[in-house]
Every structure is written in structure tokens, then in C-alpha cells.
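Counting convention: from 1, in listed order, for ligands and their atoms alike. Only heavy atoms go into these numbers, but all of them, side chains included; no hydrogens, no water, no symmetry mates.
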Amino acid sequence: MKLIIDNANIDEIRSMYEFFPMDGVTCNPTILAKEKRPPYEVLKEIRDFIEEGELHVQVVSDLADNMVEEAYKIRKELGDDTFIKIPTTKEGLKAIRILAAAGIRVTATAIYTQMQAFLAAKAGALYVAPYINRIDNLGSDGVRTAKEIHDMFRNYKFKTEVLAASFKNSRQVISLCEYGIGATTISPDVLDLLIKNDSVTAALNVFRKDFEKLCGKGKTMLDCE
Ligand code: G3P
């Protein structure tokens, strides 16, 4: 499962890359707005930092022709490898088909239903991004939806992968990880939850204290006798 950061803050991205085995960065217009800086300035910094990592950038327009124009501008500014996030509306489907036919990498986003995912995959998207927590908040089941989309793609032998987005807790991520979902994009606070565990901290504190009783305060395997 690819592990992608859903964030556009370069300091947080640097910090996540320092500790976690990351595969790239996604963002959306809301995430970019939080930076309060020109979008391409922010995105170019991210592009340079993540080197070969995947960068997924979303268009803002509603109409297909404008989405396509935005896609070409994004690629011109950030490179041809950039994944263009297209909202999976009727106009979006048209844009996905045009872009995919031109060999442009598309991530179909704002996915709430299996039908949207099916249509986006058939139109040529390489990823579809179901919004796990937002689906949960509609009284449905985001994890189940993502799994059903994954199964549907396997049944049809589509090469499209699920890039699950919108997580609010570690259980949602782990369920999809166990299932073999292609990728998840996760905010830094939820990424931290995946490794934070007070029982681990307590166990390590006992190991350290016992070792210090044997060898002296601050001693490690580096400087003990
Ligand atoms: O890009 C879509 C995804 O990031 C939405 O996440 O946390 O705003 O529901 P969230």
C-alpha cells in the first residue's frame, strides 16, 4: 500500500518524510488555501523536496474544457509526472477521458459511490479517491465502499487503484491496509496515530531503567563496559 501525505505544508511534509516511508503528496484546494501563499510557489517547493515521489494536484474548474486547460498548466509548472486530480462529476468524466487519452495521469477524486469509481476507471483514471470519513459521516461505511471498489476493479481487471482519502482514525487506515488497497493519503496527525502507542513507550522506559541500573545513568550499548 502506498503511503501518501494529504497536506501542503512543507515543514510538516519534511517532518513526515524524515520518519515515515512516504510515497508522495496529495492536496486539494482547501489544503492549499491553508498555506496562505501562492499555490504554485508551495507546490514547486513540495515537488523539489519529494523528488521522484508522486504529487497529486487538483483542478478547481467545474467544466471539462477548463479542467483540461488547468491540467496542462499544472503539468507545465510541476512536471509531466504530476497526477491531475479531477472531481468525478459528469463534466469530470469527460475531462478524465480526454486527459487519459492524451497519456496524462489522472486521479479521480471526490468519490462517494462505487458507480463514480467504476465510471472514472472506465474513463481512464489511474487512481480513484474515495473519501472514507466523509462517507462514514453520511451514515454509510467508507471502508466498505473502498473495499468494494477495490474488488470491482479486480473483477474487471482494471489497472486503476484505490487511493483512499479522508481519514480520521487509524482503524480506518489499518482496515484498508489489511485488505491490500493500492494507496492511502493521510494527514500528518492521523499518520502519527498509526505509530503512537503508550504501551510501547512504557515497555521501552522499563528497558532503559533496567539497563541504567546495571551500567549507570545515560549509558547505552555504545559506552557501557
Ligand atoms: O482530498 C480529499 C481529502 O483530502 C478530504 O479529506 O479530511 O477533508 O475529509 P478530509
Will you find, in the side chains of Tyr156 and Asp151, an N or O donor that is under 3.5 Å from an N or O acceptor?
no
With a cut-off of 4.0 Å, which atoms of ligand 1 are near a heavy atom of Lys85?
1 (O)
Should Gln58 be listed as contacting ligand 1, given a heavy-atom distance under 4.0 Å as the test?
no
Taking distance alone, with no angle check, do Arg134 and ligand 1 share an N/O pair under 3.5 Å?
yes
Applying ring pair (Phe, Tyr, Trp, His ring centres under 6.0 Å), name anything that partners Tyr17, two or more places apart in sequence or on another chain.
Phe49
With distance as the sole test, does Thr145 use its side chain to make a donor-acceptor pair with the main-chain N or O of Asp141 at under 3.5 Å?
yes
Residue, atom name and distance, where the atom is the protein heavy atom closest to atom 4 (O) of ligand 1:
Asp6 OD2, 2.3 Å
Region of Phe167 that comes within reach of ligand 1 [heavy atoms, distance under 4.0 Å]:
neither
Passes salt bridge (Lys or Arg N to Asp or Glu O under 4.0 Å), Glu52 versus Arg47? Steps please.
CA-CA 8 Å; Glu52 302 304 309; Arg47 176 74 281 168; over 6 Å; no
In the protein, what heavy atom is nearest to atom 1 (O) of ligand 1, and what distance, to one decimal place, separates them?
Asn28 ND2, 2.9 Å
When you measure from the centre of the six-membered ring of Tyr40, is the NZ or CZ of Lys73 under 6.0 Å away and within 45° of the axis?
yes
Tracing side-chain contacts under 4.5 Å among Ile, Leu, Val, Met, Phe, Trp and Tyr outward from Leu63 reaches none
What atoms of ligand 1 come within less than 4.0 Å of a heavy atom belonging to Lys168?
7 (O)
